[in-house]
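Written out below as structure tokens is the structure these notes cover.
Values in this document were obtained by computation on a predicted structure and should not be read as measured data.
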Amino acid sequence: MTSARRRSYGVKGAPYAFLLPATVLFALFFALPIGYAVWLSLHKVKVSGLGLGAGARKEVWAGLENYTGSLTDSELLAGALRVLGYGCIVVPVMLGLALLFALMLDSEKVRLAPFTRLAIFLPYAIPGVVAALLWGFLYLPSVSPFYYVLDVLGLPQPDLLDGGPLYGALSNIAIWGGTGFNMIVIYTSLRAIPAEVHEAAKLDGATPLQTALRIKIPMVAPSLVLTFFFSIIATLQVFNEPTTLKPLTNSVSTTWSPLMKVYRDAFGTGDIYRAAAEAVIIALATLVLSFGFLRAANRRNRQDARQGGAR
């Protein structure tokens, strides 16, 4: 083989060499665990006799038995409904605040923008478990300074860790921690809008509110779609907040969310086969909802583009 041909093969193989480490890591830490979870979900343990002695417990093929059992499990369905209610609070409030803060920071009249931007983003840098612990102690009437102030003022002291207020307490932790990240994504898109667009709006006599509603928000729509996509995934995978608050209240069960149900089945009752099936179901539900939303958003964008071209 000539040196020129060897150099040609080397140039062609360079991209694959660069991709090899990422491919290996993807296979080891993503594809392989998913495949193993699917394999576990299709099996179960068959116990012979009293379950004692060698060969008394044998792993056998179960087919879709674990899936049918999970889909008819009332605890898993109840957890899914609770997460749905939780998401109906978290997603619109968090994205609404993120958009509002981003628009305010993008205003020409804002002062101390770098400090304000950092202050809004800082809660995102705090680990979720730590944030849940901090807020959990603020929710406890016996140690919370807020309850002390309410008591001194003679005002009602609601129990935020029981009943309906529990959804607001859990949602507050997620909103407090996630608003800053979404704000940064939207704010970055706002800063990418050409200055000529703002100047043209000023020449046309548009007010700051009109500029925000008619120019800025439509132009950052892709960022809003992206943040909504991330928020859906994070909501369906809620685990840290209710698990951390569970020791503080009896209102949070071990199956409050679907992921908590998976954790209990896998490490509490030791049924890793049912837990694997539940994990696969949650992953598929997340995939369907996320890509369904992305497809609907892309279809809407194409329709708007065609209508704009028709004009």
Side-chain angles (χ1 to χ4, degrees), residues 73-98 101 119-147 157-185 226-269 275 278-279 281-283 285-287 289-290:
D73 191 331
S74 60
E75 289 184 330
L76 186 64
L77 296 177
L81 291 176
R82 283 190 287 266
V83 168
L84 178 62
Y86 166 85
C88 289
I89 300 174
V90 171
V91 175
V93 174
M94 181 169 60
L95 295 185
L97 288 175
F101 290 148
I120 297 173
F121 178 78
L122 187 60
Y124 177 74
I126 299 176
V129 175
V130 176
L133 281 173
L134 291 174
W135 281 103
F137 285 114
L138 292 176
Y139 293 152
L140 281 177
S142 58
V143 297
S144 174
F146 299 122
Y147 280 91
Q157 303 176 26
D159 188 357
L160 298 177
L161 297 177
D162 186 29
L166 177 63
Y167 285 88
L170 290 170
S171 301
N172 174 67
I173 300 173
I175 294 169
W176 180 78
T179 299
F181 171 80
N182 294 304
M183 181 271 295
I184 290 295
V185 175
L226 180 65
T227 54
F228 190 83
F229 176 74
F230 288 154
S231 300
I232 290 177
I233 295 176
T235 299
L236 293 175
Q237 296 178 351
V238 60
F239 178 82
N240 289 335
E241 293 84 356
T243 301
T244 305
L245 293 184
K246 183 183 176 302
L248 305 180
T249 176
N250 294 325
S251 298
V252 179
S253 65
T254 56
T255 60
W256 192 89
S257 72
L259 279 188
M260 293 178 68
K261 174 72 163 53
V262 173
Y263 183 86
R264 192 206 60 177
D265 289 347
F267 304 105
T269 62
E278 293 167 349
I281 291 173
I282 294 172
T286 305
L287 184 68
L289 288 176
S290 301

I'd like to check the side-chain contact (heavy atoms from CB on, under 4.5 Å) partners of [X]; sequence neighbours left out, ordered by chain and number.
X	result
Phe181	Tyr124, Val185, Phe230
Thr254	Lys246, Arg264
Leu134	Val130
Leu140	Phe137, Ser142, Val143, Leu161, Leu248

Enumerate the residue pairs fulfilling salt bridge (Lys or Arg N to Asp or Glu O under 4.0 Å) with a member in residues 159-184, sequence neighbours excluded, ordered by first and then second residue.
none
Pro158 backbone acceptor or donor facing Tyr147 side chain under 3.5 Å
yes
Compile the donor-acceptor pairs under 3.5 Å between side chains in residues 81-94 and protein atoms, sequence neighbours left out, one pair per line.
| from | atom 1 | to | atom 2 | distance (Å) |
| --- | --- | --- | --- | --- |
| Arg82 | NE | Trp256 | O | 2.9 |
| Arg82 | NH2 | Thr255 | O | 2.9 |

side-chain hydrogen bond (donor to acceptor under 3.5 Å, both in side chains) with Gln237: which residues, sequence neighbours excluded?
none
Does the side chain of Ser257 come within less than 4.5 Å of Leu236's, by heavy atoms?
no
Using a 3.5 Å cut-off and no angle test, enumerate the donor-acceptor pairs between side-chain atoms of residues 163-178 and protein atoms at least two apart in sequence or in another chain.
| from | atom 1 | to | atom 2 | distance (Å) |
| --- | --- | --- | --- | --- |
| Ser171 | OG | Tyr167 | O | 2.6 |
| Asn172 | ND2 | Tyr139 | OH | 3.0 |

List in chain and number order the residues that pass salt bridge (Lys or Arg N to Asp or Glu O under 4.0 Å) with Glu278, two or more places apart in sequence or in another chain; answer none if no residue qualifies.
Lys261
Show the nearest heavy-atom pair for residues Ser144 and Leu138, with the distance to one decimal.
OG-O, 2.5 Å
When every non-hydrogen atom of Asn240 is compared with those of Ala132, the smallest separation belongs to O-CB, 4.5 Å
